[in-house]
Amino acid sequence: MLPTTQKLLETPVMETLLPDLMHTILDELKSNNDFQTGEKLFFRMLEKLQLQDSSGRTADIYCPNKPQYSRKNRPFTNAEMNFFRKTIATMIRYAPHPEKGLKYASFFLNQIRPPLRDAQTEITVLINLIYIYGQNGSDEYMKAALDFVKIGLERGIVLQRATFTERKRAFNDPTSVFSSVSKNILKYNNLQPTQDGKGLEPSGTPHHSTYNHRFSTTSTSATKTDSNQHNQPSGQQ
C-alpha cells in the first residue's frame with residue numbers, strides 16, 4: 001500500500017522511495033486534479049534523485065538562472081530514469097495551463113542532461129505540449145501549438161492522414177498520438193498533412209504556404225538547439 005501524500009511530504013526525503021513518489025504524484029494529478037500537491041512531491045523527487053547544479057544546489061524548476069542539472073556521485077539506474085521521465089511527462093500533460101506545461105518542458109529539455117533526458121521522452125514532452133496548448137483553444141495557443149507540430153515534423157515524426165478519418169488509433173504509438181493531438185491544431189490553422197505525412201499543406205485556404213520540411217530525426221543535443229530557437233521545446237504518458 002502506498003504511503004499517504006501527507007506522509008510522503010513529512011518523511012525526510014532520503015527515506016522516501018521513488019516508486020512511492022511517482023505513483024502518488026500521478027494519482028494527485030490524474031485522480032485528484034491537484035497539480036499544486038503533485039508539484040510539491042515532484043520537488044521532493046528532484047531532491048531524492050540528488051539532481052544538482054555545478055555549485056551543489058538542488059534542481060529548481062523556477063531558478064531564474066536556468067542552470068544545467070545532473071548527479072555527480074553515481075550514475076542513475078534505469079529504474080530511476082524511468083520514474084523521473086514518466087513523472088515529468090505527466091506533469092506537463094496535466095499542467096493547469098500551457099505556460100506551466102512549457103515551464104516544465106523547458107526545464108527538461110534545456111536543463112536536464114543525458115542520460116536522464118532521452119530522445120523518446122523528448123517526443124512525449126512535445127506531444128503533451130501540443131495537447132495542452134490545443135485544449136486551451138485560444139488563437140494565441142493554437143498558433144503556438146502549430147510551432148510544436150512543426151518541431152515534431154523536424155524531428156522525423158510522421159503525421160498520419162488516416163487518423164483524420166479513422167476512429168481507431170494505437171495510442172502507444174507516438175506517430176498515432178502525434179497525429180491525433182495535432183488534428184485540431186491543423187484544422188484551426190487551415191492545414192493538413194502532406195500525402196507522405198512529412199510536412200503540411202493548405203487545406204483549402206490559399207494564403208497558407210506549404211510547410212514541407214523533411215528532416216531526419218535529430219539527436220538529443222540538436223533538439224536542445226531547436227528548443228532554444230523556438231523558445232519552446234520537444235514530447236503522452
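Computed from a predicted model, the values in this text were never measured in an experiment.
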Query raised in the report: If you measure from the Lys or Arg side-chain nitrogens to the Asp or Glu carboxylate oxygens, is any gap between Glu122 and Arg155 under 4.0 Å?
Result: yes

Query raised in the report: Honestly curious: do Phe76 and Val13 fall in one hydrophobic cluster under the side-chain, below-4.5 Å linking rule?
Result: no

Query raised in the report: Is a donor on one side and an acceptor on the other found under 3.5 Å between the side chain of Asn189 and the backbone of Leu191?
Result: no

Report task. Starting from the C-alpha separation in whole Å, work towards a yes-or-no answer on side-chain hydrogen bond (donor to acceptor under 3.5 Å, both in side chains) for Tyr133 and Glu99. Result -> CA-CA 9 Å; Tyr133 269 67; Glu99 286 85 358; over 6 Å; no

Query raised in the report: Does the ring center of Tyr104 lie less than 6.0 Å from the ring center of Phe42?
Result: yes

Query raised in the report: Do Ser182 and Leu159 touch side chain to side chain, with heavy atoms closer than 4.5 Å?
Result: yes

Query raised in the report: To the nearest 0.5 Å, what is the distance between CZ (Phe107) and CG (Asp60)?
Result: 8.0 Å

Requested in this report: Take atom CG of Asn33 as the centre, draw a 6.0 Å sphere, and report whether it contains more than 12 heavy atoms from other residues, nucleotides or ligands.
Outcome: no

Query raised in the report: Under a 4.5 Å side-chain heavy-atom rule over Ile, Leu, Val, Met, Phe, Trp and Tyr, are Phe84 and Met14 clustered together?
Result: no

Query raised in the report: Taking Ser180 for the side chain and Ser176 for the main chain, is one N or O donor matched with an acceptor at less than 3.5 Å?
Result: no

Report task. Using the side-chain hydrogen bond (donor to acceptor under 3.5 Å, both in side chains) rule, take Glu28 and Thr5 through it: C-alpha gap first, then chi angles, then the decisive distance, then the call. Result -> CA-CA 9 Å; Glu28 290 293 343; Thr5 297; 2.6 Å; yes

**Report entry** Student check: side-chain heavy atoms of Ile185 and Ile130 closer than 4.5 Å
**Finding:** yes

Query raised in the report: Do the side chains of Ile127 and Val158 join up, straight or via other hydrophobic residues, at under 4.5 Å, putting them in one cluster?
Result: no

**Report entry** Min side-chain heavy-atom separation Phe178-Val149 under 4.5 Å
**Finding:** yes

Report summary line: Given the options Thr37, Thr24, Ile25, Leu17, Leu8 meets side chain to side chain contact (heavy atoms under 4.5 Å, CB included) only with Thr24

Query - Arg85 and Glu80 ion-paired at < 4.0 Å - result: no

Query raised in the report: Ring centres of Tyr131 and Tyr94 under 6.0 Å apart?
Result: no

Requested in this report: Check whether any side-chain heavy atom of Thr175 sits under 4.5 Å from a side-chain heavy atom of Gln160, and report yes or no.
Outcome: yes

